[in-house]
Amino acid sequence: MRIDELSRPIVVGHRGFRAKYPENTMSGFHAAVDAGIEMVELDVSLSKDRHVVVMHDETLDRTTNGRGAVRDSLWAEIRQLDAGSWFDGRFSGEPVPDLKAVFESIGKQCVINVEIKPDAVEPEERPDGIENQVAAAIDCYGLLGSVVVSSFHPLALKRLAVRPAEKRPLLAVLSGKKTPFDPFEVLQSIPAFSWHPDHRLLDAAAVETAHRLGVLVLPYTVNDMADIRRLLDMGVDGIITDDPVSVRTWLKTAIPFG
């Protein structure tokens with residue numbers, strides 16, 4: 001599936017299907033896709049041996065039975081961890097995926113939003129830096145029109161922005177309460193596809209400004225139906241949510257979009 005084939009408003013499964021499955025795992029991604037969700041979001045960082053690991057936190061502690069920083073652990077060690085039991089015993093033995101495994105499994109079935117974690121963005125660009133590895137994987141699997149790369153770190157986006165147009169992925173700016181930059185400055189400094197703001201900080205004027213720049217607005221992480229209605233009334237283009245199936249079901253009964 002390509003980005004221009006998405007239904008509107010766009011419903012994005014945050015870290016897969018986080019409400020009902022362990023986050024950033026293949027079981028969650030497959031459940032979202034099997035339920036007809038057209039776009040899922042995931043997070044990537046680098047292991048000690050510079051492997052692109054799908055994980056949100058800087059450490060292994062919260063979502064696996066491992067301990068310590070992702071950056072201090074080898075991929076061979078990380079892949080042996082249990083990433084499901086913390087959520088529910090039914091998911092015991094669920095492994096931590098890498099980006100290539102996700103692309104191989106669901107890359108052709110839905111659009112994927114790959115968030116590059118700020119801690120994985122290095123001061124100096126390297127051939128095996130996370131930005132170049134993500135871009136190479138997108139190119140390898142023929143997913144240029146099916147993957148959006150987002151980050152809270154402008155440097156990651158700017159490094160990708162200078163790639164030739166035929167090899168440049170779609171780019172999205174993430175922003176929140178602690179973001180130390182003006183998101184609109186970054187949006188105008190790169191060929192941005194979308195802006196993913198914290199929904200609590202969003203207003204109609206900001207949505208209108210983004211649209212004038214030709215940028216889609218996909219706020220995160222929205223799980224309350226009253227918030228969804230408020231955001232749709234502002235004119236947002238979609239919703240990033242932990243429970244994409246419930247949100248999509250609700251949208252079918254809500255006031256038509258637009």
Test side chain to side chain donor-acceptor pair (under 3.5 Å) applied to H14 and N223, step by step: CA-CA 10 Å; H14 184 229; N223 298 318; over 6 Å; no

Determine yes or no for a side-chain-to-main-chain donor-acceptor pair under 3.5 angstrom, with [X] supplying the side chain and [Y] the backbone.
X	Y	answer
Q109	S105	yes
E38	M1	no
T241	D243	yes
Q133	D128	yes
T179	G176	yes

Between [atom1] of [X] and [atom2] of [Y], what distance do you get to the nearest 0.5 Å?
X	Y	atom1	atom2	answer
T253	L251	OG1	CG	8.0 Å
D139	N132	CG	CG	12.0 Å
R168	L160	CZ	CG	10.0 Å
D49	I78	CG	CD1	7.5 Å
Y141	E104	OH	CD	3.5 Å
I37	F17	CD1	CZ	7.0 Å

Sequence neighbours excluded - salt bridge (Lys or Arg N to Asp or Glu O under 4.0 Å) pairs with any residue from residues 75-84: none

Mind listing the closest non-hydrogen atom pair of [X] and [Y] along with its distance?
X	Y	value
L202	P219	CD2-CB, 4.1 Å
V54	V44	CG2-CG1, 4.3 Å
Y21	F87	N-CZ, 3.5 Å
L143	G107	CD2-O, 3.2 Å
A120	L46	CB-N, 4.1 Å
G16	P244	O-CG, 4.1 Å

Verify the cluster assignment for [X] and [Y]: are they in a single hydrophobic cluster under the rule of side-chain heavy atoms below 4.5 Å apart?
X	Y	value
L144	L157	yes
I10	V147	no
F181	W195	yes
M225	V222	yes
V111	L216	yes

Does the side chain of [X] reach to within under 4.5 Å of the side chain of [Y], using non-hydrogen atoms?
X	Y	answer
V148	L171	no
I138	F103	yes
K158	I190	yes
V121	R159	yes
S146	R2	yes
V217	H211	yes
S92	S85	yes
E23	T25	no

Taking 4.0 angstrom as the limit, do [X] and [Y] come out as a salt bridge?
X	Y	result
D198	R200	yes
R163	E131	no
D119	K117	no
D233	R230	no

Ring geometry between Y220 and F152 (parallel below 30°, tilted from 30 to 60°, perpendicular above 60°): perpendicular

M39 vs N113, side chain to side chain contact (heavy atoms under 4.5 Å, CB included): CA-CA, chis, key distance, verdict: CA-CA 7 Å; M39 184 170 177; N113 173 193; 3.8 Å; yes

Full working for side chain to side chain contact (heavy atoms under 4.5 Å, CB included) between D237 and L218: CA-CA 6 Å; D237 302 281; L218 303 174; 4.2 Å; yes

Positive for side-chain contact (heavy atoms from CB on, under 4.5 Å) with L174, one of S150, P118, P154: S150

Any residue meeting ring-ring contact (aromatic ring centres under 6.0 Å, His included) with H30, in chain and number order, not counting sequence neighbours: none

Which residues share a ring-ring contact (aromatic ring centres under 6.0 Å, His included) with F29, sequence neighbours left out: none

Trace of the side chain to side chain contact (heavy atoms under 4.5 Å, CB included) decision for T63 with N24: CA-CA 9 Å; T63 59; N24 283 325; over 6 Å; no

Stepwise salt bridge (charged side-chain N to carboxylate O under 4.0 Å, His left out) check, K100 with D98: CA-CA 6 Å; K100 290 184 177 180; D98 64 359; over 6 Å; no

Of R71, R67, R62, the residue whose pairing with D57 passes salt bridge (charged side-chain N to carboxylate O under 4.0 Å, His left out): R62

Pair L99-L42, side chain to side chain contact (heavy atoms under 4.5 Å, CB included): steps then yes or no: CA-CA 9 Å; L99 185 61; L42 56 82; 4.1 Å; yes

